[in-house]
Student: 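I'd like to ask some things about the structure below.
Remember, it's a predicted structure, so these values are computed and weren't measured experimentally. In what follows, chains are A, B, ... by sequence order, proteins preceding strands, each numbered from 1.
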2 protein chains.
Amino acid sequence: MPDTARISRIRSGRRTDIRRENERLILDAAEKVFAEAGFGGATMQLIADMAGLPKANLHYYFPTKEALYRRVVQNIFEIWLDAAASFDGAAGPVEGIGAYVEAKMDISRRHPHGSKVWAAEVMHGAPVIQDYLETTLRAWTEGRMAVIQRWIDEGKMAPIDPRHLLYMLWATTQHYADFGHQIETLNAGQPLSDRQWREATESVKTIILRGIGAL
Amino acid sequence: MPDTARISRIRSGRRTDIRRENERLILDAAEKVFAEAGFGGATMQLIADMAGLPKANLHYYFPTKEALYRRVVQNIFEIWLDAAASFDGAAGPVEGIGAYVEAKMDISRRHPHGSKVWAAEVMHGAPVIQDYLETTLRAWTEGRMAVIQRWIDEGKMAPIDPRHLLYMLWATTQHYADFGHQIETLNAGQPLSDRQWREATESVKTIILRGIGAL
DNA sequence: TCGCATCCTGACCGTATGGTCAATACGAAG
DNA sequence: CTTCGTATTGACCATACGGTCAGGATGCGA
């Protein structure tokens, strides 16, 4: 019986284990349901069923639907920001932007639900994460724009408006998550294979890097 | 249809005017509300208020919320397909893709709500327009892929996978509608000006056309 | 074993929403 | 004016949903 095994293995801190594990179950289910149905279309009952818990239990860990949604969006935002690291410490656009595209394509593949929730949140006017947009995202964006501008000044790439380059990077990479269903439909109804993901990533990288005159 | 009926239908233009005008009011309001709140978050009451009509009147013209939503999505899809014309009859990628980008950027600017509704529909697995994806969109896509392949064979552009080029075109252009709120936030909270829209269009065109080796 | 904090959950409640309907108003044709 | 199809609308209903709560179960330290 896995339950007792886990209990006997861990002496103390089981309480926090239970909490963490259930929060994980709920957040995973919520991410999927919010992505597939939207905030308004998602129901606590459906999330509960998908998490394998009674609905009242959700309200024990997350007081309201909004609170649960907020946590889902924040989680996504953090994952999204982590891809920033790929951008840093790069000698030039080929390494920096190349690594960034790869990181973001990887996120699109591994967290398609999260990407959709994020997209829907922004499309609806960012009612929950507007402050993040105005603080963290704005700061991040300006930092990267400065890096790109430096590369331009150093003659490592063509004089492109850094802002629109960033938008293009976000748009193209997230498209593979947000519009994954459409892509799948146009791929004979099959999800992209490992090889197709690699080809997609290479296509994006190649077109953009050549497009900014970095190749 | 009997002759007398057709004549009376034609002569009594006022009736069809009322119908058409109210349907227009409702569809415009619905597009906006669906875009801002999602299908699940939208309410018939809110759409009615925004259209300046009593709620029961909506159900007179559109039997159900789903029917109304379906019409909104279909309208968007048609606008979206119309941009296809820009692609046709072009001598090469510079004219064809250039015109396509301009047409799609124009749609993003003029129909931001529609673009969002479309995006949300696809993100949720295209429950309403799956058949369109499998028929019309698939046929359209294959046709343009063939055109792009011909340009490649004629040496007018680099050998890029046409599929991923199309995805990039869709992603980049629609991003300015779907993520318009984020872009506005990063633009000091101001909507893009005429000039900024022109710059955005030029950036997208330049990067992509150079990226595919057409410049 | 006991006491206490944490965790669990069935049953319940108020509200909001999509949809219905019957009564009414309107306007064109005869 | 009368007739008849179209358009309008307030009132109403059944349902589904988010959220509450009381009472019980569970596990841990002492």
Student: Does a donor on one side chain sit under 3.5 Å from an acceptor on the other, for A/D178 and A/S115?
Tutor: yes
Student: Counting just side-chain N and O atoms, does A/R19 come under 4.0 Å of either OP1 or OP2 of C/dC7?
Tutor: yes
Student: Could you tell me whether the side chains of B/Q130 and B/E134 share a donor-acceptor contact shorter than 3.5 Å?
Tutor: yes
Student: Can you see whether A/W80 engages A/Q174 through a side-chain donor-acceptor pair at a distance of less than 3.5 angstrom?
Tutor: yes
Student: Base, sugar-phosphate, or nothing: which does B/A42 touch, judged by heavy atoms less than 4.0 Å apart?
Tutor: sugar-phosphate
Student: Return no unless some side-chain N or O of A/N57 is found under 4.0 Å from OP1 or OP2 of C/dG10.
Tutor: no
Student: Rounded off to whole Å, could you give me the CD-to-P distance for the A/Q45 and D/dT15 pair?
Tutor: 17 Å
Student: How close or far is atom C1' of D/dG18 from atom CZ of A/F34, stated in whole angstroms?
Tutor: 12 Å
Student: Quick one: B/M44 CE to D/dC13 P, roughly how many Å, whole number?
Tutor: 21 Å
Student: Measure from the side chain of A/P54, starting at C-beta and using heavy atoms only, and say which of D/dG18, C/dG10, C/dG18 lies closest.
Tutor: C/dG10
Student: Return the value, rounded to whole Å, for the distance between atom CD of A/E23 and atom P of C/dC8.
Tutor: 11 Å
Student: Roughly how many Å is it from CG in B/N22 to C1' in D/dT8, rounded to a whole number?
Tutor: 10 Å
Student: Hey, is the main chain of A/F39 close enough, under 3.5 Å, to the side chain of A/K65 for a donor-acceptor pair?
Tutor: yes
Student: Rounded to whole angstrom units, what separation is found between the CZ atom of A/R70 and the P atom of D/dG18?
Tutor: 17 Å
Student: Under 3.5 Å, is there a donor-acceptor pair linking the side chains of B/Q182 and A/Y167?
Tutor: no
Student: Nearest to the side chain of A/Y60, which nucleotide is it out of C/dT6, D/dG18, C/dT20?
Tutor: C/dT6
Student: In whole angstrom, give the distance that lies between atom CG of B/D49 and atom P of C/dT17.
Tutor: 11 Å
Student: Could you tell me whether B/E66 contacts a base, only the sugar-phosphate backbone, or nothing, with contacts defined as non-hydrogen atoms closer than 4.0 Å?
Tutor: sugar-phosphate
Student: Taking only the side-chain heavy atoms of B/A56 (C-beta and beyond), determine which of C/dG18, C/dC21, D/dG18 contains the nearest atom.
Tutor: C/dC21
Student: Measuring from the side chain of A/H59 (C-beta onward, heavy atoms only), which nucleotide among D/dG18, C/dG19, C/dG18 has the closest atom?
Tutor: D/dG18
Student: Using whole Å, report how far NZ of B/K55 lies from P of D/dC13.
Tutor: 14 Å
Student: Does a side-chain N or O of B/Y61 approach OP1 or OP2 of D/dT8 to a distance below 4.0 Å, or not?
Tutor: yes
